[in-house]
Undergrad: 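My questions all concern the structure below.
What's counted below: heavy atoms across the whole structure, side chains too, no hydrogens, waters or symmetry copies. Residue numbers start from 1 in every chain, and the chains themselves are labelled A, B, ... in the order their sequence lines are given, proteins ahead of strands.
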Number of protein chains: 2
Amino acid sequence: MIGDACPSSKCADCGFRSAVFASLNAGQLEMLTSGKTFNAVKKGATICKQGEEIKAFIFLRVGLAKLVRNTTDGREQIVGIATPNDFVGLLSLFSSKIYQYSIIAIEDSEYCSVDYSMVMDLIRGNGVFAQSLLEKISHVSDILINTRLDLDLRQLRGRVAFIICYFANEVYGATKFNLPISRKEIAELIDMRVENVVRILSELRRDNIIRIEGTTIDILDPEKLKWIKVHG
Amino acid sequence: MIGDACPSSKCADCGFRSAVFASLNAGQLEMLTSGKTFNAVKKGATICKQGEEIKAFIFLRVGLAKLVRNTTDGREQIVGIATPNDFVGLLSLFSSKIYQYSIIAIEDSEYCSVDYSMVMDLIRGNGVFAQSLLEKISHVSDILINTRLDLDLRQLRGRVAFIICYFANEVYGATKFNLPISRKEIAELIDMRVENVVRILSELRRDNIIRIEGTTIDILDPEKLKWIKVHG
DNA sequence: TACCTATTTTGATATATATCAACCTTGATT
DNA sequence: AATCAAGGTTGATATATATCAAAATAGGTA
């Protein structure tokens, strides 16, 4: 499960290149290729653990993961969802020596780890790369903060609608999808209690706004759902 | 009020140098010195406005400012407080062409503006500078996110205690201080209603945990306040 | 001073959310 | 098939928070 070769062994061919590594030259890409580690993990696997030393820069290539924070009083809080190409792994990379959050796969996933010191060398040696990394990390942080602020303004109905829209629009790009997280995890993600998540989902179903079949959610009335997300 | 000369006209002598600009060489510092604008503003002044184009990198040298977000439905939300040397002005600098938040002085303040393109040039030309900027922005974002997540776990009593402790410990370093923001602004900062802010402050006073004299707050029982902040 | 207006404060009440308890599903295991 | 554990669901109730109304206070201005 650890340290497999990357399917396309050259990082130059990897889909990620366009995203952050576009500015690297041939030599730097070669360094990256030989220094990275490819990993494939099953749903539920821990990719990195809160509190442990940061040794690598983590890239989600395929799949889905949750960022989890264990609070001092023993509760769990889901900080956000990491999707391929969004560089959530960057989050506290430069501000701390230890991971602020755990990253746990919520779908079968593939990711690459790039040695921390190698990334630092690339930053110092390539200003354009540094700039693009600044833009990425800034963007990821901004989205996270703005999402949180948006959620804070809403009451529970609006938060649940928000999260359904999020998975539909941002993650799956479809009105019908498999919810990758449990009711309890939804609760941890939007700061509410399991019972209320369930209750509100039931209400949305009763009002024919969504259909729930097992783990599948089907949005029947996107307009009404959006209205609840904004006003409710 | 705009474009005054900086008291110490060379950025090399400025207290900020140690913070981010330590890695700049003489020529780069000279460029910075000639390209920056120094500003002194009164309490209440708008330093930058949400939605406007980002043209400069803003540095708070002296004073205190609030980051304000106007929501789509007309409410105001205070994202955070900017203190001298903490580089809150960095927040969305690299992820957007427009300011995500307004910055408004809540005490008489002084700040410097550095042209956006100049900062970009420095990043591209000086990897160590880029790295230190990455660390700063990452740190600022991390604190903001973690604070928000902490607040989200608490109920109102805990949030009010949190904010009192914040001003006492992080901003003024004293148990007795002048609250720089109104009750309404406290409410906007920690997502609650003015009436409840007032009510809880009154409770804290009644229980001899704090004393309130006009705009001054005096923490009488730091231990109890901390307990409420954590458990309340 | 007298007169505004905004902020602060308190109380009564409605609404939203959490808690507690019970039961139902589902999937895994024996 | 029987058992079990975990997640899911619903209802009744307690608690927390928002809303509405009204009064007190402070600051600015004619």
Undergrad: Give every donor-acceptor pair under 3.5 Å between a side-chain atom in residues 158-174 of chain A and any protein atom, sequence neighbours left out.
TA:
from, atom 1, to, atom 2, distance (Å)
R159(A), NE, L151(A), O, 3.4
R159(A), NE, R154(A), O, 3.2
R159(A), NH1, I190(A), O, 2.8
R159(A), NH1, D191(A), O, 3.1
R159(A), NH2, R154(A), O, 3.4
N169(A), ND2, C165(A), O, 3.2
Y172(A), OH, E107(A), OE2, 2.6

Undergrad: Short question: side chain of S109(B), backbone of L64(B) - any donor-acceptor pair under 3.5 Å?
TA: yes
Undergrad: What are the 5'-most and 3'-most nucleotides of DNA chain C lying under 4.0 Å from any heavy atom of chain B?
TA: dT8(C) to dA12(C)
Undergrad: Check side-chain hydrogen bond (donor to acceptor under 3.5 Å, both in side chains) between N178(A) and all other residues, then give those that pass, not counting sequence neighbours.
TA: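 In terms of side-chain hydrogen bond (donor to acceptor under 3.5 Å, both in side chains), with neighbours along the sequence ignored, N178(A) is linked to T216(A).
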Undergrad: Can you tell me the distance, in whole Å, between the CD atom of E185(A) and the P atom of dG7(D)?
TA: 9 Å
Undergrad: With distance as the sole test, does D108(A) use its side chain to make a donor-acceptor pair with the main-chain N or O of K43(A) at under 3.5 Å?
TA: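 Yes, because the side chain of D108(A) sits within donor-acceptor range (under 3.5 Å) of the backbone of K43(A).
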Undergrad: side-chain hydrogen bond (donor to acceptor under 3.5 Å, both in side chains) with D218(A): which residues, sequence neighbours excluded?
TA: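 By the side-chain hydrogen bond (donor to acceptor under 3.5 Å, both in side chains) rule, D218(A) matches R211(A).
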Undergrad: Specify the residues of residues 189-208 of chain B, ordered by number, for which at least one heavy atom lies under 4.0 angstrom from an atom of DNA chain C.
TA: E195(B), V198(B), R199(B), S202(B), R205(B)
Undergrad: Evaluate the criterion side-chain contact (heavy atoms from CB on, under 4.5 Å) for residue pair V197(B) and L201(B); output intermediate values, then yes/no.
TA: CA-CA 6 Å; V197(B) 173; L201(B) 284 173; 4.0 Å; yes
Undergrad: Could you pull out all residues at least two apart from E185(B) that satisfy salt bridge (Lys or Arg N to Asp or Glu O under 4.0 Å)?
TA: K66(B)
Undergrad: Kindly give the heavy-atom pair with the smallest separation between K55(B) and Y99(B), and that separation in Å.
TA: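 Closest heavy-atom pair between K55(B) and Y99(B): N-OH, 4.1 Å.
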Undergrad: Can you name the residues that form a side-chain hydrogen bond (donor to acceptor under 3.5 Å, both in side chains) with Q50(A), not counting sequence neighbours?
TA: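 In terms of side-chain hydrogen bond (donor to acceptor under 3.5 Å, both in side chains), with neighbours along the sequence ignored, Q50(A) is linked to no residue.
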Undergrad: Determine to 10° how strongly the helix from dT1(C)-dA30(D) to dT30(C)-dA1(D) is bent, judged from the axes of its five-pair ends.
TA: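 About 30° separates the two local helix axes.
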Undergrad: Would you jot down, in residue-number order, the residues of residues 145-160 of chain A having a non-hydrogen atom under 4.0 Å from DNA chain C?
TA: Q155(A), L156(A)
Undergrad: Among all residues two or more places apart in sequence or in another chain, which pass the side-chain hydrogen bond (donor to acceptor under 3.5 Å, both in side chains) test with T83(A)?
TA: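 Checked T83(A) against side-chain hydrogen bond (donor to acceptor under 3.5 Å, both in side chains); matches are D86(A).
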Undergrad: My understanding is that only residues two or more places apart in sequence, or in another chain, count here; which of them pass ring-ring contact (aromatic ring centres under 6.0 Å, His included) with F57(A)?
TA: F59(A)
Undergrad: I need the CZ-P distance between R183(B) and dA26(D), as an integer number of Å.
TA: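 The distance from CZ of R183(B) to P of dA26(D) comes to 12 Å, rounded to the nearest Å.
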Undergrad: Report all side-chain donor-acceptor pairs from residues 223-232 of chain B shorter than 3.5 Å, counting only partners two or more places apart or in another chain.
TA:
from, atom 1, to, atom 2, distance (Å)
W227(B), NE1, H231(B), ND1, 3.2
H231(B), ND1, W227(B), O, 3.3

Undergrad: Kindly say whether D142(A) contributes a backbone atom to a donor-acceptor pair with the side chain of Q100(B) at under 3.5 angstrom?
TA: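 A pair under 3.5 Å: no.
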